[in-house]
Amino acid sequence: MKPNAVKLSQQLIQIPSYSGVNHQVLEFLGSKLSALGFACDFMEFEGENSYAVNNLHAVFNPKNSEKVLYFAGHTDVVNEGDKASWTHDPFAAKIVDGKLFGRGAADMKCAIACFVSAAEEFLEKNPNPDFGIGFLITNDEEADGVNGTAKVLDWMQKSGKKITHCLVGEPTNPSKFGEMIKIGRRGSIGFKVKITGRQGHVAYPQNAINPITILINLLKILKDHKLDAGTKFFDPSNLEITSITSQNLGGNVIPNTAEAAFNVRFNDSHSSQSIIDLVKYACEKTVGGIGFVGATYELTHRTSGESFLSDPKFLAPIVVDAVKKITGQTPEMSTTGGTSDARFIKNYAEVVEIGLVNQTAHQIDEFSEVSEIEQLQKTYLEILRGF
Ligand SMILES: [Zn+2]
């Protein structure tokens with residue numbers, strides 16, 4: 001019988017596995033991979049102000065080849081929310097009208113099942129391949145992401161495990177399988193700025209310093225500044241204001257402080273540091289400028305990820321050809337969307353993300369089309385053949 005990714009997807013969905021430690025889901029996967037001849041390592045990492053996480057590393061490399069293609073993914077799922085709002089139990093993995101429903105169906109248990117099944121089918125015909133095949137599966141991508149993929153990669157390097165190319169099975173398509181693969185991501189940094197002026201009577205503004213006026217000037221400068229025009233694989237960088245607050249002391253009172261938050265999604269022509277420098281410069285120029293002497297500002301920031309591009313030289317063309325062969329469609333090589341563990345992997349290997357449709361990821365009634373799960377399994381098999 002042909003390996004069946006749909007059945008395996010259902011089995012994975014039926015094990016609820018929230019971020020952190022879940023032995024059942026990884027032992028289940030590990031037993032599947034061991035049966036195919038993979039050498040499995042289970043590892044638990046903890047610390048760095050985060051909870052413990054278990055991870056699975058598995059590799060099949062009979063010729064000890066220098067070239068090793070990994071599949072990276074996560075078994076953890078986000079909370080299902082209000083169970084009663086689901087049309088089908090989120091952990092029953094029911095198939096209705098050609099759709100497989102369940103938490104993790106799109107993000108991303110089906111993709112794991114597809115790669116396991118593709119590897120099984122590939123190894124049946126090629127039991128002694130000229131390259132290694134590996135799995136890096138973490139049970140924490142959705143939450144902190146501290147004791148997951150990054151730590152396994154570090155462990156791999158220290159124990160001499162080779163990784164040259166990597167597929168990440170995150171759902172990459174907006175509405176239909178075959179539309180989009182990802183070869184990089186924008187960086188993301190969030191800022192908060194607080195302006196302190198001097199409180200006073202609106203009728204006597206000369207005795208006060210209005211922090212709202214300063215804040216509006218600052219935000220206008222930041223918003224008007226064109227960060228760049230986009231690069232070869234990236235859209236233009238963008239700054240979005242997400243909140244503006246003040247003390248709201250009443251119609252006749254100039255408040256003492258005003259705060260704003262904004263987020264910058266930036267492409268590969270910037271780093272988080274260059275964005276921070278720019279924002280600081282704008283703060284320096286605005287606060288304490290003409291008429292505002294005496295005002296001060298506090299700026300805090302948090303970088304969630306640097307931008308990166310994984311040079312699409314070897315693996316990406318193979319992935320594009322495989323998608324074309326299975327779907328008849330040429331996928332876009334994109335760098336849009338939120339972050340993923342590819343941001344860690346790109347430091348070790350050429351990485352390409354290709355998975356199912358992300359439309360219902362994290363939603364109530366998350367699902368994947370059974371026909372698309374089958375297409376993804378075939379596409380992964382094509383990639384293994386082309387590698
Ligand atoms: Zn995911």
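Along the sequence shown, residues carry numbers from 1.
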Under a 3.5 Å cutoff, is there a donor and acceptor pairing between the side chains of T231 and D268?
yes
With no hydrogens and no angle check, is any side-chain donor or acceptor of E80 less than 3.5 Å from a backbone partner on I364?
no
Same apolar cluster (I L V M F W Y, side chains within < 4.5 Å links), V168/V53
no
Do the numbers put K99 on top of the ring of F367, so that NZ or CZ is under 6.0 Å from the six-membered ring centre and no more than 45° off the axis?
yes
Please evaluate residues S340 and E141 with respect to the criterion side-chain hydrogen bond (donor to acceptor under 3.5 Å, both in side chains), reporting the C-alpha separation (whole Å), side-chain torsions for both, the decisive distance (0.1 Å), and the verdict.
CA-CA 8 Å; S340 85; E141 189 275 340; 5.6 Å; no
Any chance you could measure Q11, atom CD, to I13, atom CD1, to the nearest 0.5 Å?
10.5 Å
Mind checking whether F234 and F266 have ring centres under 6.0 Å apart?
no
From the list N147, T149, L26, side chain to side chain contact (heavy atoms under 4.5 Å, CB included) with T138 holds only for T149
Mind checking the NZ-CD spacing from K182 to E170? Nearest 0.5 Å is all I need.
9.0 Å
Go through the steps to decide whether E48 and K151 satisfy the test salt bridge (charged side-chain N to carboxylate O under 4.0 Å, His left out), and finish with yes or no.
CA-CA 11 Å; E48 289 184 58; K151 293 262 176 100; 3.2 Å; yes
F131 and F122: aromatic ring centres closer than 6.0 Å?
yes
Measure the CD-CD1 distance between E306 and I189 for me, rounded to the nearest 0.5 Å.
7.5 Å
Check step by step if salt bridge (charged side-chain N to carboxylate O under 4.0 Å, His left out) holds for E353 and R185.
CA-CA 10 Å; E353 294 181 69; R185 276 305 205 300; 2.4 Å; yes
Using a 3.5 Å distance criterion without hydrogens, assess whether the side chain of K346 forms a donor-acceptor pair with backbone atoms of R343.
yes
Looking at the rings of H165 and Y70, which for Trp means the six-membered one, are their centres under 6.0 Å apart?
no
May I ask you to check whether Q363 and D365 show a side-chain donor-acceptor distance below 3.5 Å?
no
One pair to check against salt bridge (charged side-chain N to carboxylate O under 4.0 Å, His left out): E179 and K176. What are the steps and the verdict?
CA-CA 6 Å; E179 287 171 333; K176 201 166 154 284; over 6 Å; no
Given Y380, which partner from the list F387, F177, F71 fulfils the ring-ring contact (aromatic ring centres under 6.0 Å, His included) test?
F71
One pair to check against side-chain hydrogen bond (donor to acceptor under 3.5 Å, both in side chains): Y51 and D140. What are the steps and the verdict?
CA-CA 10 Å; Y51 45 83; D140 184 30; 3.0 Å; yes
From L69 atom CG to L167 atom CG, the distance as rounded to the nearest 0.5 Å
5.0 Å
Same cluster or not: are F262 and L278 linked, directly or through other Ile, Leu, Val, Met, Phe, Trp or Tyr residues, by side-chain heavy atoms under 4.5 angstrom apart?
yes
